Visitor: 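Quick one: this structure, given as structure tokens, is what I'll be asking you about.
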Amino acid sequence: MRATWAARAALVPVALTALLGYLGSTLWTAQMSVTASRTLPSDHFVGMAQYVRLFSNERWLLSLDNLLLYGVLFISACLLAGSVLAILVDREIAARGWLRQIFLYPYAMSFIATGAVWQWILNPTDGIQAVGRALGFSAFRFDWIVDPDRVLLTIVIATAWQASGFVMAILLAGLSGVDPDLWRAARIDGIPTWRVYTSIVLPQLGYAFATALVLLLTGVVKLYDAVVAMTQGGPGTASEVPTKFIMDHLYGRANLGLASAGAIVLLVTVLALLAPFLYARTRAAASIA
Amino acid sequence: MARLFKPRMLALAVLAALASRAHAEPAAAPARAEVLHWWTSGGESAAARTLADAFRAAGGTWIDTAVAGSEQARAVAVSRVAGGNPPTAALFNASRQFRDLVDQGQLTALDDVARQGGWDRVMPPAILDAVRVNGHVYAAPVDIHMTAWIWYSKAAFKKAGIAAEPRSVEELFQALDRLRAAGLIPLAHGGQPWQDSIVFRAVLASVGGRDLYLRVFRDRDPRAIESPEFRQVLLTFRRLHGYVDAGSPGRHWNDATGLLVAGRAGVQIMGDWVRAEFSAARQRAGVDYGCLPGLGEHAPYVIQADAFVFPKNRDAATARTQALLATTVTSPAVQVSFSSRKGSLPVRSDVELPSPDPCVALAAALMRDRARQLPNDEMFLTPDQAGAMADVLTAYWNRDMPVETVQKKVVAALRDDL
């Protein structure tokens with residue numbers, strides 16, 4: 001009994017953080033989203049008016065479109081690059097530790113810093129395009145970051161560069177759990193290595209992929225620092241994202257009510273995305289029990 | 001203008017709030033003032049020091065709380081007011097940014113200070129109107145900036161064979177065409193929303209004129225926004241986009257000035273804080289660069305101001321400290337030394353700047369003609385309306401769309417708040 005009480009006592013700080021920090025803030029934000037709060041919180045109730053404004057706001061709708069497109073491209077790129085890296089590192093037994101460090105390194109750096117570097121690299125008058133032209137290719141063009149139709153791709157490239165190593169690390173952990181007998185059997189049967197990976201090994205990594213997917217999804221919804229560091233939402237409003245909309249309205253535009261409505265919409269979206277995973281996991285746990 | 005770097009990070013604001021909280025001790029001395037501002041660049045902090053020195057000489061103690069980035073600094077100020085731990089003074093723009101604080105009764109009125117200082121007599125009405133709510137003055141303006149100058153590089157104009165300063169919109173476009181023909185960047189522009197808005201204000205003032213400017217920003221009149229005159233303003237604004245270079249999007253304003261300094265670009269439309277960049281590069285007004293306050297003899301020009309607000313405090317001595325601070329920063333001698341360092345104009349018309357360069361002399365002369373002054377749109381619009389307007393303008397600047405669509409979007413952006 002005493003041990004249980006001690007364990008429970010140890011959980012109190014965490015429980016308080018969860019209750020006050022997360023749940024409390026969420027409830028407060030939900031409350032703000034149905035008021036006409038501007039610079040300071042107000043209790044002037046306006047019902048769903050902020051949500052109506054939100055969904056008639058072109059920049060918000062554009063931000064949601066951008067987030068969807070970004071999410072699909074970013075997650076695909078990360079899973080693909082992460083798998084390839086994991087397999088390459090997995091084959092390279094000798095230098096494995098080194099390679100893992102190198103590919104994981106981008107994930108350890110703040111995007112405010114690396115984003116600024118990416119901005120220079122991608123800037124047509126300073127970066128890759130300028131280098132290409134200086135080398136004599138006068139028609140060489142790589143100006144996606146200033147092209148409203150392609151700017152999102154540059155954010156996908158930069159953020160996928162950052163997160164791929166992280167996906168690799170998760171998959172590597174999964175790969176180390178694969179039964180070595182499978183490899184021996186495949187060798188005896190003379191199956192090519194790539195085929196073993198695509199048909200036998202990777203399909204066994206379902207949990208590793210699911211973990212990576214959930215973490216990447218939350219990364220997509222949180223996308224903010226990369227946009228601020230690389231494009232500030234531009235050119236124009238072409239790379240605006242929901243988190244930036246919320247932050248801009250929270251402070252600079254002194255519209256606490258509208259910002260809160262945006263935050264609640266984002267939260268509901270995340271919950272809707274995560275619900276299937278949580279449901280599947282509960283069912284899996286139940287079937288084991 | 002500390003708009004050089006706008007990361008708008010929540011973490012930064014929170015950290016700054018925590019840091020300043022740690023520093024803010026209970027007011028022990030009667031005239032101890034914690035001043036929150038965003039003057040962090042070299043020239044700006046030198047200017048802030050002149051205020052601090054003057055306040056010290058007047059018997060006060062200046063506790064400096066500088067937060068980089070105007071938006072971050074204002075966010076910290078608002079959070080601290082909301083949290084019951086306000087600074088003695090906080091910097092805002094003379095605009096509607098602090099209107100909500102006034103409405104909630106959070107700011108000290110400065111009516112006595114304004115009366116004793118004769119603000120009615122010496123300050124531009126546009127700026128006084130922006131700090132006055134229901135007949136009470138709630139902020140102390142400390143400088144005047146003209147936000148929409150047209151700057152040009154004399155070397156670039158010479159290379160392009162442009163003999164005379166452009167005096168009309170058509171002449172400006174002719175000059176831009178010649179600059180392009182000479183292989184130069186015609187318009188050095190930093191493609192960030194606030195800079196796009198500055199170009200737009202310049203066009204609205206010069207092409208649309210005073211009445212249209214006021215009908216759009218002050219009255220938010222849909223008929224004015226849907227008029228053929230306003231359509232012409234939008235089209236002229238968009239036409240200017242044809243003269244920027246590929247590296248423009250995202251560029252900082254001072255890098256754009258750097259292109260003029262290097263003689264690689266011809267024209268930049270930007271506020272008077274650009275002068276600090278020219279001086280830092282040892283370029284002289286009238287010799288290396290020229291300045292136009294607008295196009296045409298009687299073109300109006302847009303002004304804005306920085307102003308301190310003084311949050312109410314339970315401590316009775318604070319109000320006296322605040323009055324002393326407001327009196328000090330607006331006094332004639334302080335205004336002269338502050339303005340010379342800040343690169344702005346004194347907020348008082350009864351002082352003269354010593355040995356001004358041709359551009360400053362021109363600006364000072366213009367300031368005497370009140371009929372040509374136009375308030376910056378932020379003095380009329382709520383921060384949300386101003387932001388929505390900036391969204392529309394930057395989207396149009398960067399992407400071709402029918403001008404009628406843009407007019408509809410401007411009407412929507414300027415509608416009433418909830």
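Lettering of chains follows the sequences in order, A, B, ..., and the numbering in each one begins at 1. Heavy atoms only: backbone and side chains are in, while hydrogens, waters and symmetry mates are out. Just so we're clear, the structure is a prediction, and the values are computed from it rather than from any experiment.
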Visitor: Using modelled atom types and a 3.5 Å cut-off, is there a donor and acceptor pairing between side-chain atoms of A:R253 and backbone atoms of B:P383?
Guide: no
Visitor: Locate the shortest heavy-atom distance separating A:P41 from B:Q104; write the atom from each residue and the value.
Guide: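 Where A:P41 meets B:Q104 most closely, the heavy atoms are O-NE2, 4.3 Å.
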Visitor: How far apart are the closest heavy atoms of A:T237 and B:A395, and which atoms are they?
Guide: OG1-CB, 3.7 Å
Visitor: Which bit of B:D196 comes within less than 4.5 Å of chain A, counting heavy atoms only: side chain, backbone, both or neither?
Guide: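 No part of it gets close to chain A.
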Visitor: Could you check whether atom OH of A:Y105 has more than 12 heavy atoms from other residues, nucleotides or ligands sitting under 6.0 Å from it?
Guide: no
Visitor: So which of A:P148, A:A254, A:G234 has the largest heavy-atom pair count under 4.5 angstrom toward chain B?
Guide: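 Between A:P148, A:A254, A:G234, the count favours A:P148.
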Visitor: Considering residues, nucleotides and ligands other than B:R264, do more than 12 of their heavy atoms fall under 6.0 Å from its CZ?
Guide: no
Visitor: So what's closer than 4.5 Å to chain A heavy atoms on B:R96: side chain, backbone, both or neither?
Guide: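 Contact with chain A is absent: no heavy atom of B:R96 under 4.5 Å.
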Visitor: A quick test of your reading: do over 12 heavy atoms of other residues, nucleotides or ligands sit less than 6.0 Å from OH of A:Y51?
Guide: yes
Visitor: Assess whether a salt bridge exists between B:D384 and A:R53, defined as any Lys/Arg side-chain N lying under 4.0 Å from an Asp/Glu carboxylate O.
Guide: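 Here B:D384 does not pair with A:R53 in a salt bridge, since their nearest N and O are not under 4.0 Å apart.
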Visitor: Determine the option with the most heavy-atom pairs under 4.5 angstrom with chain B, choosing from A:G257, A:G236, A:A229.
Guide: A:G236
Visitor: Taking all atoms of both residues into account, what is the closest heavy-atom pair of B:A246 and A:V146, and its distance?
Guide: O-CG1, 3.5 Å
Visitor: Within the 4.5 Å heavy-atom criterion, are A:R38 and B:D103 side-chain neighbours or not?
Guide: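 Of all side-chain heavy-atom pairs linking B:D103 with A:R38, at least one is under 4.5 Å.
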Visitor: State whether the number of non-hydrogen atoms from other residues, nucleotides or ligands found under 6.0 Å of A:R141 atom CZ is greater than 12.
Guide: no
Visitor: Heavy atoms only: give me the nearest B:N398-A:P235 pair and the separation to one decimal.
Guide: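 Heavy atoms only, the tightest pair is OD1-CB, 3.4 Å.
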Visitor: Checking A:E58 against chain B: side chain, backbone, both or neither under 4.5 Å from a heavy atom?
Guide: side chain
Visitor: Tell me, for A:N255 versus chain B, whether the close heavy atoms (under 4.5 Å) come from the side chain, the backbone, both or neither.
Guide: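 Contact with chain B is through the side chain of A:N255 alone.
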Visitor: Where does B:A388 contact chain A at under 4.5 Å (heavy atoms): side chain, backbone, both or neither?
Guide: backbone
Visitor: How far does CG of A:D126 sit from CZ of B:R251, to the nearest 0.5 angstrom?
Guide: 8.5 Å
Visitor: Of the backbone (N, CA, C, O) and the side chain (C-beta and beyond), which part of A:D149 lies under 4.5 Å from a heavy atom of chain B, both, or neither?
Guide: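 A:D149 touches chain B through backbone and side-chain heavy atoms alike.
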Visitor: For residues B:Q97 and A:T39, report the shortest heavy-atom separation together with the two atoms involved.
Guide: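 Minimum heavy-atom separation between B:Q97 and A:T39: O-OG1, 4.4 Å.
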Visitor: Would you compute the distance between atom CG of B:D391 and atom CH2 of A:W60 and round it to the nearest 0.5 angstrom?
Guide: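 The distance works out to 13.5 Å.
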Visitor: Let me know if A:Q119 has heavy atoms under 4.5 Å from chain B in its side chain, its backbone, both or neither.
Guide: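 A:Q119 touches chain B through side-chain heavy atoms alone.
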